[in-house]
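Heads up, the thing below is written out as structure tokens.
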Amino acid sequence: MPDANGQVAILGVGMHPWGKWGRSFVEYGVTAARAALADAGLQWPEIQYVAGADTIRNGYPGYVAGATFAQALGWSGARVSSCYSACASGATAIDIARARILAGLCDVALVIGADTTPKGFFAPVGGDRPDDPDWLRFRLLGATNPTYFGLYARRRMELYGATERDFARVKVKNSRHGATNPNARYQKEVGEDEVLASPVVASPLRLLDICATSDGAAAVVLSSLDFARRRRRRAVKVAAVSTVTPRYPNTVIEMPNFATDSATGVAPPDLAFRDSIAHAAYDEAGVGPDDLDLAEVYDLSTALELDWYENIGLCKEGEAERLLNDGDTTLGGRIPVNPSGGLACFGEAVPAQAIAQVCELTWQLRGEAGGRQVEGAKAGVTVNQGLFGHGSSVVVVR
Amino acid sequence: MPVIEGWFTMDDDRPQLLGSRCSSCGARFFPKAAACRSPQCGQGQLEDVPLSRTGRVWSFTDNRYQPPPPYVASDPFEPYAIAAVELADERMVVLGQLESGVDVTALGVGAEMELTLGTLYEDDEHEYLVWKWRPTGA
Ligand SMILES: [Zn+2]
């Protein structure tokens, strides 16, 4: 295990259950925050720093989430920040709070992310926005998020012989994992044939291969190791946060881009973007894939979960289907992936998701994960990726 | 008329995408870049340059659900396929809709494709054209 240099303690975690609740993201965030504070044994006025992960679907208050949540919890004079990095927003907020603690500028911080979502596809911000690639990809191509997931999935089939049934098995696994998770939106086991009978959205992916959009919230209380000791809290620790960008030339097509960089002139980097995200976290934490007991990966689609197995070093390129089918990534297997149920069971609540992944690792490493517990878990990794090139990976250790 | 100005030529027979080329390091970009994005360069002047009009399939998918605006969907909605094609000279993967009528199930990674122009949508005044991909020689 890495030495304690650069680590911060996770004193408390909390969530608002995922679903379509039709209420304000502020309400969800406050529920998650109060749960995390109670878990940490702290009162809100003791929090010295608030890091909010922003949402863009809630107008102005969503853009200044840190202050929005601070006001709702009661103005306390805490230092505050707000940040937006799309799906990586939660990891960025954690990183900001961590950096503040490690710099000695505060002892204890609260990180919150919450969102509400409309039904159906995520759509770009409204109005005519012809200089916005996110707007243009819809206007000129009709390229939704599932379009990109479909491209990745088809490429796995063509290159590695993956089948639609392999993809369905990812959903089956995650639905079994999430079936007893009280915070999951879908708490029901799904069968292979049910996935394969659902309508095609972006071939080869079907409705049940693609994660839903959801309302939800998650929060964590972070502190210095000294603060945790003074409070006599035995806390799990954040050992690394990776927020890397890609390296030029980035040769894998990504949302919301129309094209990759050109691979002529400058040689592509040794590590492609998705590989580099977890790699940077491992480097910082001083751990490797062999040291992990579990992983929470960003399963926007079933096929994408298989890509992540390779990207985070659980197996070599092209071997993810075998890892899945051998049961290695199932609860009880060598390295359970998405014991929480993942996005397959939660759906996307963009600024909350990366924080929710850290909540799950925390419960797992404390041995508090109930029916989805990974026995004896001591170290885990989360990984995620934000639109426009935001890495997101967190290593948590006991 | 083109659905967007300056991204592609309106040459019916041999349309080409228009990108940028850096005068210093030769890096190429699509859509056109404001400045060279190679981190070791960043100093060249960018000039407009047409890109290869053929390439090979990196991947493909067909969209069966109607996307939200600003996509202008036909009524009734017609599904459309999208291909990611690696341009022959630039080794740059570019997305485009497949020409309507192309049998997407007959495609495969590595298949050779060429650029074409096709209708994206129409209103009372204009037919809006966009670049599309089709199998070479189709
Ligand atoms: Zn240059």
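Computed from a predicted model, the values in this text were never measured in an experiment.
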Legend entry - Expected output: side-chain A/Thr260 to main-chain B/Met92 donor-acceptor under 3.5 Å: no
Inset, instruction - Look only at the side chain of A/Ser262 and the backbone of B/Ala27, and say whether a donor-acceptor pair between them is shorter than 3.5 Å. - result: no
Inset, instruction - Would you mind checking which part of B/Glu86 comes under 4.5 Å of any heavy atom in chain A, side chain (CB onward), backbone (N, CA, C, O), both or neither? - result: neither
Inset, instruction - For chain A, find which of B/Leu17, B/Val94, B/Asn63 contributes the most heavy-atom pairs closer than 4.5 angstrom. - result: B/Asn63
Legend entry - Side chain proximity check, A/Leu151 to B/Leu95, heavy atoms < 4.5 angstrom: yes
Inset, instruction - Name the option with the most non-hydrogen atom pairs under 4.5 Å to chain B; the candidates are A/Gly120, A/Gly265, A/Ala202, A/Pro199. - result: A/Ala202
Legend entry - More than 12 heavy atoms of other groups within 6.0 Å of B/Glu122 CD: yes
Inset, instruction - Against chain B, label A/Ala143 side chain, backbone, both or neither, depending on which of its atoms sit under 4.5 Å from a heavy atom there. - result: both
Inset, instruction - Check for a donor-acceptor pair, side chain of A/Arg139 on one end and backbone N or O of B/Pro70 on the other, with a separation under 3.5 Å. - result: yes
Inset, instruction - Measure A/Phe149 against the heavy atoms of chain B and call it side chain, backbone, both or neither at under 4.5 Å. - result: neither
Inset, instruction - Mind ranking B/Gly26, B/Ser38, B/Cys25 by heavy-atom pairs under 4.5 Å with chain A and telling me who comes out on top? - result: B/Ser38
Legend entry - Neighbours of chain B found in residues 127-138 of chain A - heavy atoms under 4.5 Å: A/Trp135, A/Leu136, A/Phe138
Inset, instruction - Could you tell me whether B/Glu112 atom CD has more than 12 heavy atoms of other residues or ligands within 6.0 Å of it? - result: yes
Inset, instruction - Name the region of A/Thr144, side chain, backbone, both or neither, that has any atom closer than 4.5 Å to a heavy atom of chain B. - result: side chain
Inset, instruction - Heavy atoms only, distances under 4.5 angstrom: which of B/Ile4, B/Val3, B/Ile82 has the most pairs with chain A? Name it, please. - result: B/Ile82
Inset, instruction - Look at atom CZ of A/Arg57 and say whether more than 12 heavy atoms of other residues, nucleotides or ligands are closer to it than 6.0 Å. - result: yes
Inset, instruction - Taking the side chain as every heavy atom from C-beta outward, state whether B/Val109 and A/Leu159 have any pair of such atoms under 4.5 Å apart. - result: yes
Inset, instruction - Taking B/Tyr65 for its side chain and A/Phe121 for its backbone only, find out whether a donor-acceptor pair lies under 3.5 Å. - result: no
Inset, instruction - Without swapping roles, check the side chain of B/Ser59 against the backbone of A/Tyr152 for a donor-acceptor pair under 3.5 Å. - result: no
Legend entry - Option that, when pairs with chain B are counted at under 4.5 Å, heavy atom only, ranks first among A/Gly126, A/Pro146, A/Gly150: A/Gly150
Inset, instruction - Return the option, out of A/Arg155, A/Arg154, A/Met157, with the maximum number of heavy-atom pairs under 4.5 Å with chain B. - result: A/Arg155
Legend entry - Side chain, backbone, both or neither of A/Val200 within contact of chain B (heavy atoms, under 4.5 Å): both
Legend entry - Atom CG of A/Asp270 with >12 non-hydrogen neighbours under 6.0 angstrom: no
Inset, instruction - Taking the side chain as every heavy atom from C-beta outward, state whether B/Phe60 and A/Glu158 have any pair of such atoms under 4.5 Å apart. - result: yes
Legend entry - Gap between atom OG1 of A/Thr147 and atom OH of B/Tyr80 - 0.5 Å precision: 5.5 Å
Inset, instruction - Identify which part of B/Pro79 has an atom lying under 4.5 Å from any heavy atom of chain A, answering side chain, backbone, both or neither. - result: neither
Legend entry - Residue, of B/Ala73, B/Pro68, B/Gly96, B/Ala33, that accumulates the most heavy atom pairs under 4.5 Å with chain A: B/Pro68
Legend entry - A/Arg165 atom CZ: more than 12 heavy-atom contacts under 6.0 Å: yes
Inset, instruction - With A/Leu140 as reference, evaluate B/Tyr128, B/Tyr71, B/Trp7 under the side chain to side chain contact (heavy atoms under 4.5 Å, CB included) test and give the passing residue. - result: B/Trp7
Legend entry - Side-chain heavy-atom pair B/Gln40, A/Val266 within 4.5 angstrom cut-off: no
Inset, instruction - Please flag which part of B/Phe30 lies under 4.5 Å from any non-hydrogen atom of chain A: side chain, backbone, both or neither. - result: both
Legend entry - Side-chain heavy atoms of A/Leu141 within contact of B/Trp131, under 4.5 Å: yes
Legend entry - Interchain contact, B/Leu120 with chain A, by part (heavy-atom threshold 4.5 Å): side chain
Inset, instruction - Check whether B/Val72 gets within reach of chain A through its side chain, its backbone, both or neither, counting any heavy atom under 4.5 Å. - result: side chain
